[in-house]
Amino acid sequence: MSIKIFISSVQAEFAEERRKLFDYIQSDALLGRFFIPFIFENEPAGAKSAQAVYLRQVAECDIYLGLFGSRYGYEDAEGISPTEREYDLATAECKHRLVFITRLHGRKKRHPKQAQLIAKAEQSVVRKSFSDYDELRASVYESLVRYLEEQDYIRKLPFDASFCHGATLNDIDPEKVAQFVMLAKAHRGFPIPITAGIPTILTHLRLMTDTGKLTNSAILLFGKRPQEFFPTSSIKCAQFYSTTVTKPLLSHYKFNGTIFEMIDKAVDFVMSRINVHVGTRTYSNTADVTCEIPREAVTEAIVNAVVHRDYAHNGSVEVRLFKDRLEVWNPGRLPYGVSLDKLRCMHSSIPVNPILAHPAYLAGYIEEMGTGTSDIFEKCLNHGLDSPEFIQAEEFRVVIWRERTDDDFGVNMVKENEETALYAWEIHQKQTKRNKALFANKEKRTNRSDVAAKQKAVVQFCSEPRSSMEIMEHIGVTRQTRTVNLYIGDLVKAGKLRPLIPDKPNSPRQRYISMHDAM
């Protein structure tokens with residue numbers, strides 16, 4: 001990053017100060033990383049006029065730094081000095097201006113035109129006075145560091161609490177805020193109604209200041225196009241044929257949107273691509289359906305990666321589904337005081353992005369109790385899977401092992417013959433589709449009166465917001481596409497149930513409520 005500073009003054013009056021400032025800014029450990037100073041005396045001789053050279057430099061600079069003393073300096077045919085020309089152009093070009101004025105001692109007086117120039121500057125910029133070079137250097141350092149903070153080149157606040165430069169309320173999606181309010185009320189009893197207005201809701205969540213400045217978290221949570229502000233905040237999802245990163249990829253997607261939207265899409269990506277086991281109907285009219293990896297473990301791993309990642313990092317969250325495992329990559333490191341061993345048990349909650357994490361808690365995505373990683377561990381072991389792994393390298397990784405199987409679907413042939421592997425996978429997909437069709441045809445014989453009774457029970461049960469899993473458990477059927485369509489989808493179409501998130505029917509945070517209770 002190169003921020004150009006034009007140092008302006010009457011050269012003869014501040015010859016020593018100009019040279020010292022130039023050397024100081026270049027050599028300072030912090031300022032030298034960002035700023036490139038310019039003084040006219042370093043410009044080599046050329047055919048162009050002096051006025052053309054210094055005005056061009058002013059037009060190209062980012063910061064105008066003026067040293068105003070007692071002398072006005074050389075006057076051109078119009079009676080205007082180069083210093084005033086430079087200041088006027090910097091003002092017209094809307095440059096960031098810093099003005100430092102010498103204190104006069106004894107009977108020393110300012111040139112009348114210099115006094116007028118200082119009075120002009122006082123009307124539009126903040127200026128500081130100085131008596132000697134040491135005081136000038138300290139004031140310049142303070143002003144330049146403040147500039148870096150204001151432009152977010154360096155931060156005192158964490159990323160999620162820092163202001164998002166250029167963002168306004170026009171960048172916030174009202175529908176996304178409304179959906180959040182419904183979810184937060186259903187999950188945590190969020191007290192602010194949507195009728196209170198978006199500014200009130202964002203201020204309550206510490207996502208907006210009283211002066212209307214939005215934080216980075218506000219855009220990540222509710223922005224219309226968050227990736228325009230944070231290009232690497234997306235989630236990259238890929239599925240591989242084998243146990244290593246090999247081509248061709250089975251599928252590859254890059255999901256954009258708010259953190260809620262990206263989490264839902266990434267979870268659906270994984271759940272739609274892992275094995276599903278359909279049991280028998282020995283003890284009931286419906287067959288149990290079990291996914292090889294618990295949905296809760298998949299969701300927890302992805303949510304943790306998105307909410308707790310380092311958003312200053314240029315990398316993205318990556319979800320990699322291999323033949324034998326799921327890996328979720330988070331560009332960042334564990335918080336200080338949290339070790340890999342502690343992740344297997346309950347530990348204190350130390351969110352990397354606390355301002356971002358709280359709305360995720362209100363919406364039901366996290367618990368803020370330090371149980372996220374231990375839940376992954378417990379869910380996988382209870383499901384009969386091998387122990388998950390947590391790895392801290394250049395990035396943080398969660399590895400969830402899939403079920404062991406002897407059916408490779410042609411995976412072992414990938415390295416030798418990719419075309420054969422692709423053919424084997426296509427055959428497997430066709431067979432799976434055929435089996436699902438046969439199963440669906442058999443299930444059409446379900447007793448109609450039994451369906452009607454269960455649908456009535458669903459409507460009564462949903463006097464409060466309920467998830468699809470809760471509904472299926474209440475009426476004693478397994479949660480699968482057919483039963484969800486039968487006992488939820490049909491009731492929604494009939495106007496007897498209403499989804500709380502109408503535009504995201506597959507969201508893991510979706511809840512349904514009876515229409516007579518939703519009024």
Side-chain angles (χ1 to χ4, degrees), residues 1-76 78 80-102 110-111 113-114 116-130 133 135-154:
M1 175 60 62
S2 297
I3 304 169
K4 190 172 181 179
I5 302 175
F6 183 91
I7 301 176
S8 172
S9 73
V10 176
Q11 292 185 39
E13 185 175 12
F14 293 107
E16 183 179 1
E17 289 83 352
R18 289 165 63 89
R19 171 56 60 186
K20 286 183 176 180
L21 270 184
F22 179 87
D23 294 339
Y24 170 65
I25 293 172
Q26 281 196 320
S27 60
D28 182 79
L30 174 62
L31 302 185
R33 291 174 50 196
F34 297 96
F35 298 107
I36 298 177
F38 172 85
I39 52 179
F40 183 77
E41 47 266 44
N42 285 352
E43 185 75 7
K48 294 183 179 180
S49 69
Q51 185 181 69
V53 172
Y54 66 69
L55 291 181
R56 176 174 58 83
Q57 292 294 338
V58 171
E60 294 177 356
C61 78
D62 301 290
I63 297 176
Y64 168 91
L65 194 159
L67 305 180
F68 292 176
S70 60
R71 299 171 60 175
Y72 185 64
Y74 165 80
E75 299 181 31
D76 60 20
E78 298 179 3
I80 300 176
S81 70
T83 304
E84 187 162 4
R85 293 280 187 196
E86 292 161 1
Y87 177 81
D88 289 343
L89 180 58
T91 302
E93 295 283 339
C94 299
K95 303 296 183 180
H96 188 86
R97 290 160 293 158
L98 303 172
V99 174
F100 302 89
I101 305 171
T102 55
R110 300 191 200 278
H111 188 285
K113 288 188 176 181
Q114 184 69 354
Q116 292 176 5
L117 173 59
I118 291 174
K120 184 192 328 185
E122 288 177 339
Q123 295 177 5
S124 57
V125 298
V126 177
R127 78 284 183 277
K128 290 190 175 184
S129 58
F130 66 95
Y133 171 72
E135 190 175 0
L136 171 63
R137 181 185 61 185
S139 295
V140 168
Y141 182 86
E142 179 185 359
S143 298
L144 293 180
V145 168
R146 184 182 296 113
Y147 174 86
L148 293 175
E149 291 172 348
E150 291 173 350
Q151 300 301 317
D152 208 25
Y153 294 119
I154 59 175

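Everything quoted here is computed from the prediction, not taken from an experiment. Atom set for the values below is all heavy atoms of this structure, side chains included, hydrogens, waters and symmetry mates excluded.
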When rounded to the nearest 0.5 angstrom, what is the spacing between [atom1] in [X] and [atom2] in [Y]?
| X | Y | atom1 | atom2 | result |
| --- | --- | --- | --- | --- |
| I7 | Q57 | CD1 | CD | 12.0 Å |
| S9 | E17 | OG | CD | 8.0 Å |
| L117 | E122 | CG | CD | 10.0 Å |
| L55 | E93 | CG | CD | 10.0 Å |

May I ask you to decide whether [X] forms a salt bridge with [Y], counting only side-chain N to carboxylate O separations under 4.0 Å?
| X | Y | value |
| --- | --- | --- |
| D76 | R85 | yes |
| E84 | K120 | yes |
| E41 | R19 | no |

4.5 Å side-chain heavy-atom contact, [X] and [Y]:
| X | Y | answer |
| --- | --- | --- |
| I101 | K128 | no |
| Y147 | I5 | no |
| L21 | L136 | yes |
| V145 | L30 | yes |
| R71 | R110 | no |
| L67 | T83 | no |
| V10 | Y72 | no |
| I118 | V99 | no |

Checklist entry - For residues 9-32, which residue pairs qualify under ring-ring contact (aromatic ring centres under 6.0 Å, His included), counting only residues two or more places apart or in two chains? => result none
[X] to [Y] - nearest heavy-atom pair and separation:
| X | Y | answer |
| --- | --- | --- |
| V58 | A90 | CG1-N, 3.8 Å |
| G69 | T102 | CA-OG1, 3.2 Å |
| S8 | R18 | C-NH1, 3.8 Å |
| F100 | S143 | CZ-OG, 3.8 Å |
| A59 | L89 | N-CD2, 4.2 Å |

Item to check | Test item: Y54 side-chain N/O and E86 main-chain N/O as donor-acceptor pair under 3.5 Å | outcome: no
Item to check | Check: D62 side chain, I3 main-chain N or O, donor-acceptor pair, under 3.5 Å | outcome: no
Next on the checklist: Measuring centre to centre across the rings, with the benzene-like ring taken for any Trp, is F6 within less than 6.0 Å of F38?
Outcome noted: yes
Checklist entry - Y64 and H96: aromatic ring centres closer than 6.0 Å? => result no
Checklist entry - Hey, mind stepping through V140 and F130 against side chain to side chain contact (heavy atoms under 4.5 Å, CB included) and telling me if it holds? => result CA-CA 10 Å; V140 168; F130 66 95; over 6 Å; no
Checklist entry - Residues two or more places apart in sequence or in another chain: which of them pass side chain to side chain contact (heavy atoms under 4.5 Å, CB included) with K20? => result E16, Y133
Next on the checklist: The criterion is salt bridge (Lys or Arg N to Asp or Glu O under 4.0 Å); which residues satisfy it with K113, sequence neighbours excluded?
Outcome noted: E75
Checklist entry - If we ignore angles and hydrogens, is there a donor and acceptor under 3.5 Å between the side chains of E13 and S70? => result yes
